[in-house]
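Nothing here was measured: the structure is a model prediction, and the numbers come from that model. Here is how names work: the chains are called A, B, and so on, in the same order as the sequence lines, proteins then strands, and each is numbered from 1. When reading the values below, keep in mind they use all heavy atoms of this one structure, side chains included, and skip hydrogens, waters and symmetry mates.
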Number of protein chains: 2
Amino acid sequence: MSLTNTEVTCDIREMLDRIGDKWSVLVIVELAGGTLRFRQLQRSVPGISQRMLTLTLRRLERDGLVGRTVYPTVPARVDYELTDTGRSLTRLLRGLADWAAEHRDTVVASRVRWDAAEQAR
Amino acid sequence: MSLTNTEVTCDIREMLDRIGDKWSVLVIVELAGGTLRFRQLQRSVPGISQRMLTLTLRRLERDGLVGRTVYPTVPARVDYELTDTGRSLTRLLRGLADWAAEHRDTVVASRVRWDAAEQAR
DNA sequence: CGGGATCCTAGTCGATACTG
DNA sequence: CAGTATCGACTAGGATCCCG
């Protein structure tokens with residue numbers, strides 16, 4: 001169960017390079033609820049700009065986590081959905097969310113203590 | 001088991017803000033092997049600069065994931081070790097590493113395909 | 001509607017030099 | 001040894017405009 005080796009840590013870094021940016025997990029989580037169009041997705045992820053939604057989706061599509069379907073109607077219609085690989089990620093995200101929920105208070109308290117000590121200097 | 005709600009996604013973003021940077025997980029993984037001094041840690045994490053190791057350790061200490069002990073000897077000696085909270089993270093990191101190991105080939109293949117299609121334009 | 005192309009800023013990171 | 005301070009490069013991300 002040891003984690004101390006270069007190979008494993010590189011694996012983790014790869015993962016974080018994939019989903020550690022500002023928007024990827026938010027998009028993935030929304031798509032976990034089902035297929036969404038570009039506009040729907042943008043409305044579902046408050047604060048994301050058009051540009052960042054596009055960039056994020058392209059990266060996820062490139063990695064095979066998200067599928068893109070274009071319907072040649074006018075105006076254009078584009079559906080986004082998680083692939084099987086993408087869906088397999090939701091289990092992991094659940095794990096992250098659970099850890100965060102469980103330890104948030106402790107972490108916040110630690111920060112408050114730290115910042116107070118900082119202030120004291 | 002749904003992930004689609006703002007609260008959960010914020011939890012995950014908090015987590016990623018905490019460990020999603022370039023060095024945090026690498027430091028955590030090294031400390032998972034036991035207490036280390038500053039220099040030992042720097043040698044254990046190839047490529048990390050003095051500055052980034054300091055910054056990373058300060059952040060982790062502020063969040064209560066890493067403990068710091070100073071021995072007032074000359075020259076100074078400082079030990080770093082995971083707290084209980086920090087140690088609880090290793091289970092999660094194991095999950096990330098496992099996912100990465102299992103899906104790396106698929107993801108890489110998807111990228112190659114994407115980049116080839118890109119080239120074709 | 002679903003983007004692409006540009007421009008710009010704020011923050012991250014690395015390199016280097018210095019200190020107790 | 002264990003840092004702090006400074007500078008400069010790079011880049012993620014936001015704002016805006018335009019197009020089919």
May I have the distance from [X] (atom [atom1]) to [N] (atom [atom2]), rounded to whole angstrom?
X     : N      : atom1 : atom2 : result
B:Q42 : D:dG3  : CD    : P     : 11 Å
A:L53 : D:dA15 : CG    : P     : 14 Å
B:L57 : D:dC1  : CG    : P     : 15 Å
B:L36 : D:dA2  : CG    : P     : 11 Å
B:L16 : D:dA12 : CG    : P     : 16 Å
A:Q50 : D:dC17 : CD    : P     : 13 Å
B:D21 : D:dA12 : CG    : P     : 14 Å

B:M52-B:V78 co-clustered via ILVMFWY side chain contacts under 4.5 Å: yes
Linked, directly or transitively: A:V8 and B:I48 (ILVMFWY side chains, under 4.5 Å): yes
Where chain A begins and ends its contact with DNA chain C, read 5' to 3' at 4.0 Å from heavy atoms: C:dC1 to C:dT6
Side-chain N,O (A:R51) to OP1/OP2 (D:dA12) below 4.0 Å: no
D:dC1 phosphate, OP1 or OP2, under 4.0 Å from B:R39 side-chain N/O: yes
Student check: side-chain heavy atoms of B:E30 and B:L36 closer than 4.5 Å: yes
Check: B:Y80 and B:Q40 side chains under 4.5 Å, non-hydrogen atoms: no
Any donor-acceptor pair under 3.5 Å from A:T54 side chain to A:Q50 backbone: yes
Side-chain donor or acceptor of B:T83 paired with backbone N/O of B:G64 under 3.5 Å: yes
Sugar-phosphate only, base, or nothing, as touched by B:Y71 at under 4.0 Å among non-hydrogen atoms: nothing
Salt bridge (charged side-chain N to carboxylate O under 4.0 Å, His left out) between A:R59 and A:D63, intermediate numbers included: CA-CA 6 Å; A:R59 270 197 296 260; A:D63 287 345; over 6 Å; no
Pairwise 5' ranking along DNA chain D for A:L55 and A:A76, keeping only the more 5' one: A:L55
